[in-house]
Amino acid sequence: MKRNNHPGKMIRILLLCLCAMLAAGCACAEDIEIVNLGGARNLNLHYGTTLADGRILLVGAANDPGKIECLPTLLCLNRDRTVSWEFTDEAFGSGEFTHASELSDGTIAAVYTRWGADNFACAQGIRFFTPDGKPTGKETVISETDSVPVDFAAKSRLLVAVFEDDDIAGWRMIDMDGNEIKGLDNSFDFNDGFNAIDDAKWKNTEIFEGISDHFVDYAVSGGKTTVCFEKSEKHDFRDIKDFTKGTTLTIIAADENGMNPAKTEMRITPEDVEWMAQYLRENAGTKEMIPQFRASKLIPMDDGLWLLANFSIYEEREDRRIWDRMSTGLIKIPEP
């Protein structure tokens with residue numbers, strides 16, 4: 001039997017195998033696609049509603065870096081993620097849009113909160129817009145205090161909470177003109193959507209066995225139901241986690257009965273967020289900076305599912321936290 005006396009050949013083979021492994025690892029990282037919706041601005045948006053024609057309306061606030069006031073902002077995206085229209089109220093003062101719904105005539109109702117000088121809500125109301133984002137001039141004042149926040153917006157009505165002495169006293173159902181439809185006491189069990197998947201849309205509950213991660217959202221698209229979980233780690237009181245070492249998302253997609261499931265994992269780090277990675281590098285050693293991440297909503301687009309998320313960096317000082325940068329982005333969800 002002839003022995004192989006050419007160790008150099010074996011080394012070359014091993015090097016080729018190593019290169020292939022490294023290439024595979026890089027391909028995995030390159031598959032992370034994140035679209036920054038804010039550009040150079042600070043942008044803090046969340047899902048508002050999907051309009052009848054399929055456009056996605058995001059609600060929240062925006063400002064320029066270094067500015068303190070948050071300006072109420074609406075961003076309407078086409079299903080290919082191009083901007084249909086955007087509205088930022090420069091004259092409003094400090095505030096944000098918190099909910100939105102499309103009325104039966106196509107008018108958009110956007111719920112706002114106005115912030116006072118002490119950073120507490122000082123007014124709640126509704127502003128109305130045309131389908132192309134122009135203010136109609138109509139406005140409904142819900143409350144001039146912080147005691148009646150809006151919890152949920154539907155096409156013709158709002159659910160508002162009623163607080164007394166910092167405790168929940170009940171809820172009220174009101175129409176878009178602020179008139180009460182029905183009063184509800186504090187025994188009302190309001191489902192905020194986090195338990196929306198029940199055993200009746202899903203016959204196969206075994207696919208969730210062994211998963212203890214934080215539930216993010218689910219969506220039905222292309223004949224499949226997709227569920228997103230985030231690795232369970234310590235969150236702060238606003239459900240925003242330290243993103244310094246990244247985070248792992250688990251995606252499970254199945255048919256409408258929860259059968260034939262397929263699972264994949266995504267590892268996202270600050271390096272995958274272009275503006276965040278650059279900011280952390282440029283300010284390394286000069287500030288105590290902590291990046292944070294919050295995933296919120298799975299949104300079907302023309303080319304598949306995208307996850308709406310907020311990325312931010314704050315500076316830890318002796319007396320307070322300073323928010324340096326914040327942006328809203330869309331993360332492409334791969335097919336499992």
Side-chain angles (χ1 to χ4, degrees), residues 44-61 72-77 79 84-85 87 89 95-114 121 123-163 168-198 200-201 215-221 225 239 296-301 308:
N44 183 18
L45 300 180
H46 57 273
Y47 175 80
T49 190
T50 298
L51 304 179
D53 59 11
R55 289 178 297 164
I56 309 299
L57 184 60
L58 306 180
V59 300
T73 297
L74 301 174
L75 179 62
C76 186
L77 298 177
R79 288 183 62 89
S84 173
W85 55 265
F87 175 83
D89 193 339
E96 64 177 331
F97 288 112
T98 60
H99 300 78
S101 64
E102 183 182 28
L103 308 186
S104 57
D105 63 357
T107 301
I108 295 169
V111 178
Y112 69 78
T113 294
R114 188 184 299 276
Q124 311 275 336
I126 313 169
R127 298 183 68 181
F128 297 86
F129 297 83
T130 64
D132 58 351
K134 301 293 191 302
T136 66
K138 179 182 176 181
E139 182 173 347
T140 297
V141 176
I142 298 174
S143 172
E144 295 184 353
T145 71
D146 63 349
S147 62
V148 190
V150 175
D151 277 331
F152 184 79
K155 283 185 175 294
S156 62
R157 61 196 63 190
L158 303 174
L159 180 67
V160 300
V162 180
F163 281 83
I168 187 72
W171 284 266
R172 288 192 297 132
M173 198 76 74
I174 64 173
D175 63 21
M176 292 298 176
D177 294 319
N179 302 310
E180 182 170 313
I181 299 172
K182 182 176 179 61
L184 304 164
D185 62 28
N186 60 8
S187 65
F188 173 64
D189 183 15
F190 174 56
N191 185 339
D192 63 3
F194 284 105
N195 298 314
I197 303 176
D198 57 32
K201 174 185 271 182
F215 171 70
V216 176
D217 192 30
Y218 83 104
V220 179
S221 177
T225 298
D239 203 28
S296 60
K297 181 71 177 176
L298 285 173
I299 301 178
M301 296 285 190
L308 186 69

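Owing to the predicted nature of the structure, the values given are computational and were not obtained by experimental measurement.
Between Leu58 and Tyr47, the shortest heavy-atom contact is CD2-CA, 3.9 Å. Listed here is the closest heavy atom pair of Ile181 and Ile174: CD1-C, 3.8 Å. Smallest separation of non-hydrogen atoms from Ser221 and Pro300: OG-CB, 3.7 Å.
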Notebook entry, point to check: Given Leu45 and Leu308, is the side-chain contact (heavy atoms from CB on, under 4.5 Å) satisfied, shown in steps?
Noted result: CA-CA 9 Å; Leu45 300 180; Leu308 186 69; 5.7 Å; no
Next item on the list: With salt bridge (charged side-chain N to carboxylate O under 4.0 Å, His left out) as the test, would you mind laying out the steps for Arg55 and Asp132 before giving the verdict?
Entry: CA-CA 11 Å; Arg55 289 178 297 164; Asp132 58 351; over 6 Å; no
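Between the Arg114 side chain and the Gly125 main chain, no donor and acceptor come within less than 3.5 Å of each other. Checking side-chain atoms of Glu102 against main-chain N and O of Ala52 turns up a donor-acceptor pair under 3.5 Å. A donor-acceptor contact shorter than 3.5 Å is absent between the side chain of Thr49 and the backbone of Ser101. In this structure, Asp217 contributes its side chain and Leu298 its backbone to a donor-acceptor pair below 3.5 Å. Panel note: side chain Thr136, backbone Phe128; a donor-acceptor pair is recorded below 3.5 Å. With Trp85 contributing its side chain and Leu74 its backbone, the two residues share no donor-acceptor pair below 3.5 Å.
The CG atom of Leu57 sits 9.5 Å away from the OG atom of Ser84 when rounded to the nearest 0.5 Å. A distance of 5.5 Å separates CG of Leu77 from CE of Met301, quoted to the nearest 0.5 Å.
Taking the six-membered ring where tryptophan is involved, the planes of Phe129 and Phe97 are perpendicular, since the angle between them exceeds 60° and thus also 30°.
Residues meeting the side chain to side chain donor-acceptor pair (under 3.5 Å) test with Lys155, sequence neighbours left out: none.
For the pair Ile126/Met176, a side-chain contact is recorded, criterion being any heavy-atom separation below 4.5 Å from C-beta on. Annotation: side chain of Val59 is not in contact with side chain of Val111 (no heavy-atom distance under 4.5 Å). The shortest side-chain heavy-atom distance between Leu51 and Cys76 falls under the 4.5 Å cut-off.
For the side chain to side chain donor-acceptor pair (under 3.5 Å) with Thr113, the lone residue among His99, Gln124, Glu96 that qualifies is Gln124.
A salt bridge is defined here as a Lys NZ or Arg NE, NH1 or NH2 lying under 4.0 Å from an Asp or Glu carboxylate O, and Arg79 with Asp53 fails to meet this definition.
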